[in-house]
Trainee: 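Got a structure here, written out as structure tokens. Questions coming.
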Amino acid sequence: MKKLLLGALGLLTVTLAGCSNALTTNKSTYHPTALTAVVKGDAKTKHVTYQVNDQTKHQVKVAAGTYFFQVPAAPQDQTVKITAGNAHKTVTVKATTKLATYQTFAKQYNQLVTASYLPTKVQKQLQTAQKTQAQTKKKLAALAKTDPAAAATAANQQQAAAQKLQAQLATAKQKAHDQLLPTRASDGVQNLVTTKDATVRANVQDGQLMGLALIVPTKQMKTKNGQKQFGTTFALLGTTLKANPKTVIKKFEKVLKDAKSNSSSTNTKTIHSNGIRFNTGFSTDHLYIYMTK
């Protein structure tokens, strides 16, 4: 009886040990980098199921005993439940700081992109008109009291100039159409703009812009047009985020130079500007720049 009991206890110990080793994670707490947190671990099953904050369940394959999946960064801590057969694990993905409210960012960025297609002279006219709009309105109101005819003439001239400017803006917007961000974006990691020169990818959660990625084919960086488009897009994204584009681009040029001297390097370099982190990385055929706080 004693031998039978000891045997049963031994079997139970082996079984419990087997369950505890059936599923592991390399961390219990994850901090997102770039747009997501990458959860990794080992499992003795063909698939692993995970669920973030009791939402929809997802399944990933286990390859050579190892699995991984990505959890998009969010403004609050996220609880991730992982299951492999009868084994269970729970990990936490820590909150990150948003870059901006998505709709506000998209509106400001699209205005800058559209303006970049206007002649320099017209850009200055637009900036002046925006800055002096309230002051001009007051002057016209004051002039209308002393000289109604002159005020009417001035108002007609301003209206004609405004209509001409609006027509130029409409033309510029049409030219910039493929590079404009959608005014609304669903939750998750998604490509907002895709052209042959660059892809703008974003992580949006609950209407908040959590992170951005600018992805550029390295072959496009070898052409003048590709370099120009990259520089413009990079500068406009940085400007909209209130970073200092000139400082960032200057530092980026050094990173690019270092990458060229060591083409096999895939190390990520970080550039800081006004609270924004620009993480740069390289693959064999693409350049990646991630923007987060």
Trainee: Side chains of P217 and D285: closer than 4.5 Å at any heavy-atom pair?
Mentor: no

Trainee: So do V60 and F68 actually touch side chain to side chain, heavy atoms under 4.5 Å?
Mentor: no

Trainee: With sequence neighbours excluded, tell me which residues meet side-chain contact (heavy atoms from CB on, under 4.5 Å) with N110.
Mentor: L180, L181

Trainee: Tell me if a side-chain donor or acceptor on T104 pairs with a main-chain N or O of A100 at a distance below 3.5 Å.
Mentor: no

Trainee: Strictly by modelled atom types, are Q205 and D187 linked by a side-chain donor-acceptor pair under 3.5 Å?
Mentor: no

Trainee: So does Q55 have more than 12 non-hydrogen atoms from other groups sitting under 6.0 Å from CD?
Mentor: yes

Trainee: Determine yes or no for a side-chain-to-main-chain donor-acceptor pair under 3.5 angstrom, with N203 supplying the side chain and A73 the backbone.
Mentor: yes

Trainee: Identify, with sequence neighbours excluded, every residue that meets ring-ring contact (aromatic ring centres under 6.0 Å, His included) alongside Y288.
Mentor: none

Trainee: Answer yes if the side chains of T270 and N279 hold a donor-acceptor pair under 3.5 Å, and no otherwise.
Mentor: yes

Trainee: Backbone N or O of K293 within a donor-acceptor pair of the R277 side chain at under 3.5 Å?
Mentor: yes

Trainee: My understanding is that only residues two or more places apart in sequence, or in another chain, count here; which of them pass side-chain contact (heavy atoms from CB on, under 4.5 Å) with K228?
Mentor: T232

Trainee: Applying side-chain hydrogen bond (donor to acceptor under 3.5 Å, both in side chains) between D197 and each of Q229, Q220, Q227, report the one that passes.
Mentor: Q220

Trainee: Picking from T194, T199, I289, L287, what satisfies side chain to side chain contact (heavy atoms under 4.5 Å, CB included) with I215?
Mentor: T199

Trainee: Testing the 3.5 Å rule here: is there a donor-acceptor pair between the side chains of N225 and T223?
Mentor: no

Trainee: What residue pairs, at least two apart or across chains, pass side-chain hydrogen bond (donor to acceptor under 3.5 Å, both in side chains) with a residue in residues 68-80?
Mentor: T36-Q70, D77-K94

Trainee: Does H47, at its NE2 atom, have more than 12 non-hydrogen atoms belonging to other residues, nucleotides or ligands within less than 6.0 Å?
Mentor: yes

Trainee: With a 6.0 Å cut-off on the ring centroids, do F252 and F230 count as close?
Mentor: yes

Trainee: With the side chain counted from C-beta on, respond yes when Q103 and R184 share a heavy-atom pair under 4.5 Å apart, and no when they do not.
Mentor: yes

Trainee: Is there side-chain contact between V48 and T83, with heavy atoms separated by less than 4.5 Å?
Mentor: no

Trainee: Using the test side-chain contact (heavy atoms from CB on, under 4.5 Å), find all partners of D54 that sit at least two apart in sequence or belong to another chain.
Mentor: Q51, K81

Trainee: Pick one: which of D42, N26, T24 meets side chain to side chain contact (heavy atoms under 4.5 Å, CB included) with T66?
Mentor: D42

Trainee: Can you sort out the partners of A172 under side-chain contact (heavy atoms from CB on, under 4.5 Å), two or more places apart, ordered by chain and number?
Mentor: T114, Y117, L118

